[in-house]
There are 2 protein chains.
Amino acid sequence: MDWITQFSALDDLSPDLRAKLILQTQVVSVPKDTVIFGPGKKPDSMMFLISGSVRVSQLSETGREIVLYRINAGQSCFLTTASLLAYEEYTAEGVAETDIKAASIPRSVFDAMVSQSAEFRHFIFSTYSKRITDLFIVIEEIAFKRIDIRLAYKLLELSDENDLVAATHQVLATELGTAREVISRQLQEFQRRSWIKASRGIVTLIDPIALKKLSDSE
Amino acid sequence: MDWITQFSALDDLSPDLRAKLILQTQVVSVPKDTVIFGPGKKPDSMMFLISGSVRVSQLSETGREIVLYRINAGQSCFLTTASLLAYEEYTAEGVAETDIKAASIPRSVFDAMVSQSAEFRHFIFSTYSKRITDLFIVIEEIAFKRIDIRLAYKLLELSDENDLVAATHQVLATELGTAREVISRQLQEFQRRSWIKASRGIVTLIDPIALKKLSDSE
DNA sequence: CTTAGCTTAGTGATAATGTCACCGACAAAA
DNA sequence: TTTTGTCGGTGACATTATCACTAAGCTAAG
């Protein structure tokens with residue numbers, strides 16, 4: 001199966017370039033929880049994610065952590081790209097959140113594709129642009145938004161079709177870059193208002209409307 | 001005078017591409033304090049900064065603001081690039097901190113250069129990479145570092161050869177994404193310890209060594 | 001089944017940071 | 001010289017972070 005079909009942004013790639021790209025890349029599988037890159041672990045090729053998701057977070061010296069964004073299927077991992085192109089060191093870490101499949105693209109092939117295909121260029125620059133937007137949003141939120149608003153938003157984001165959030169307080173704290181105790185206390189407050197029901201490792205949303213209202217209140 | 005000489009990363013550009021680039025770009029002058037791009041103000045071309053500096057900051061709905069990074073001479077402004085390439089809307093704002101000169105590059109010329117020159121590609125990707133690193137650092141600092149440490153660092157960064165910092169408390173607050181009162185109180189504490197002398201619009205560093213020591217303390 | 005050991009969550013005390021409302025000091029312009 | 005706007009100071013209070021500890025729930029080994 002041709003992995004490029006997963007990348008709708010590359011639909012318009014010319015047949016010969018498409019063939020060339022497939023020929024020169026390799027599909028790799030990586031098990032869940034693998035550290036793809038991080039401090040002291042340089043990626044060895046550029047990754048285009050075919051299935052699964054990768055969580056990218058920033059680590060602090062003090063052991064705290066904040067989730068920056070996620071790479072989903074059909075997106076390229078711009079940190080592996082940037083890391084290989086610009087020889088910069090990053091302090092961020094990328095971890096496979098699920099078992100993943102990715103196309104591994106050598107530097108030289110990447111460079112050739114950028115040179116030869118306007119579609120490929122557009123895809124790459126769009127990816128960069130999207131990530132930068134994500135980072136801007138993270139900055140705005142941690143700098144200016146109240147933690148209860150951010151938590152309400154995150155609960156809605158992480159909830160499944162049954163309004164369940166399978167996450168420990170610590171995981172939620174990491175998502176928002178705060179401390180576990182802060183999350184525990186906020187969840188107690190939400191529970192007191194009957195917006196959620198908290199149990200070990202699971203948060204049940206009872207009143208998602210109320211949470212939505214809070215998360216929207218600037 | 002050939003503006004490309006200001007961009008050492010483009011030294012290796014081939015003579016014909018260099019000539020082409022100069023021919024197809026326009027050098028523009030922009031006075032200090034001009035808003036180059038921002039919410040509701042899209043840039044109309046990509047900018048390569050020849051002289052001066054541009055301050056890029058993120059605005060919040062509540063009127064607060066945080067400085068994300070600066071573009072200096074010899075660097076390209078990747079937000080104008082990203083904005084024109086990816087049609088994304090950004091909430092960040094770019095302001096000329098000084099009178100500036102910049103090379104204005106049309107989209108089509110940019111695309112052609114990326115296609116035809118490996119050196120140009122490298123320059124562009126390096127710029128992107130550098131900015132992302134800057135944003136990572138900002139996130140780490142606002143999420144995990146104490147404000148006194150960040151302020152000490154910023155004072156050292158902004159001080160001139162006479163250990164003077166020409167900035168109001170409000171400006172320092174914006175640099176760090178915090179409130180003026182917080183800065184006022186921290187400066188009072190620094191002054192109490194005889195590390196600085198504060199007067200209207202000016203901070204004099206009396207003991208930069210002590211400030212350095214604080215800013216280095218994890 | 002029971003208990004030991006680990007993970008997860010709860011709590012009080014205190015520190016650090018942010019917010020609000022206001023005041024006074026200073027400086028440039030009228 | 002008066003007015004006006006910018007800048008900085010302050011108290012009261014709210015929010016968030018940190019620290020040290022306890023307790024509760026889950027799992028697996030004895």
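Each chain gets a letter, A, B and so on, in the order its sequence line appears, and its residues count up from 1.
Of the two residues near DNA chain C, A:Q191 and B:R146, the one whose nearest nucleotide lies more 5' is A:Q191. Between B:I147 and A:A198, the residue anchored closer to the 5' end of DNA chain C is A:A198, taking for each the nucleotide with the nearest heavy atom.
In this structure, B:R200 atom CZ and C:dA27 atom C1' are separated by 6 Å, rounded to whole Å. As rounded to whole Å, 11 Å separates atom C1' of C:dA21 from atom CZ of B:R180. Summarising the geometry, the separation between CZ on A:R150 and C1' on D:dA17 is reported as 13 Å, rounded to the nearest angstrom. D:dA17 atom P lies 16 Å from atom CD of A:E65, rounded to whole Å. In this structure, A:L176 atom CG and D:dT15 atom P are separated by 17 Å, rounded to whole Å. As a whole-Å value, the separation of A:Q170 CD from C:dG10 C1' is 14 Å. Between the P atom of C:dT11 and the CD1 atom of A:I183 lies a distance of 16 Å, rounded to the nearest Å. Look at CG on B:L214: it is 12 Å from P on C:dA16, rounded to the nearest Å.
Contact annotation: A:Q186 does not reach the phosphate of D:dT15 (side-chain N/O to OP1 or OP2, under 4.0 Å). Distances shown here put every side-chain N or O of A:H169 at or beyond 4.0 Å from the OP1 or OP2 atom of C:dT7. In this model, the phosphate group of D:dA17 is approached by a side-chain N or O of A:T178 to a distance below 4.0 Å at OP1 or OP2.
Side chains of A:Q58 and A:T91: a donor on one and an acceptor on the other come within 3.5 Å. Residues A:E65 and A:S57 bring a donor and an acceptor atom of their side chains to less than 3.5 Å of each other.
Looking at A:W195 and A:L205, their side chains never come closer than 4.5 Å, going by heavy atoms from C-beta outward.
Among the atoms of the strands shown, base atoms are found under 4.0 Å from some heavy atom of B:R185. No contact: A:E189 has no heavy atom under 4.0 Å from any strand. Counting non-hydrogen atoms under 4.0 angstrom, B:Q188 reaches the backbone sugars and phosphates but no base.
Screening A:R55, A:K154, A:R150 against A:E175 for a side chain to side chain donor-acceptor pair (under 3.5 Å) leaves a single residue, A:K154.
At a cut-off of 3.5 angstrom, the base of D:dC19 holds at least one donor-acceptor pair with the side chain of A:E181.
Ring geometry for A:F78 against A:Y128 counts as perpendicular: the plane angle is over 60°, on a 0 to 90° scale with 30° as the lower cut.
Which of D:dG8, C:dA9, D:dA17 sits closest to the side chain of A:V182 comes down to D:dA17.
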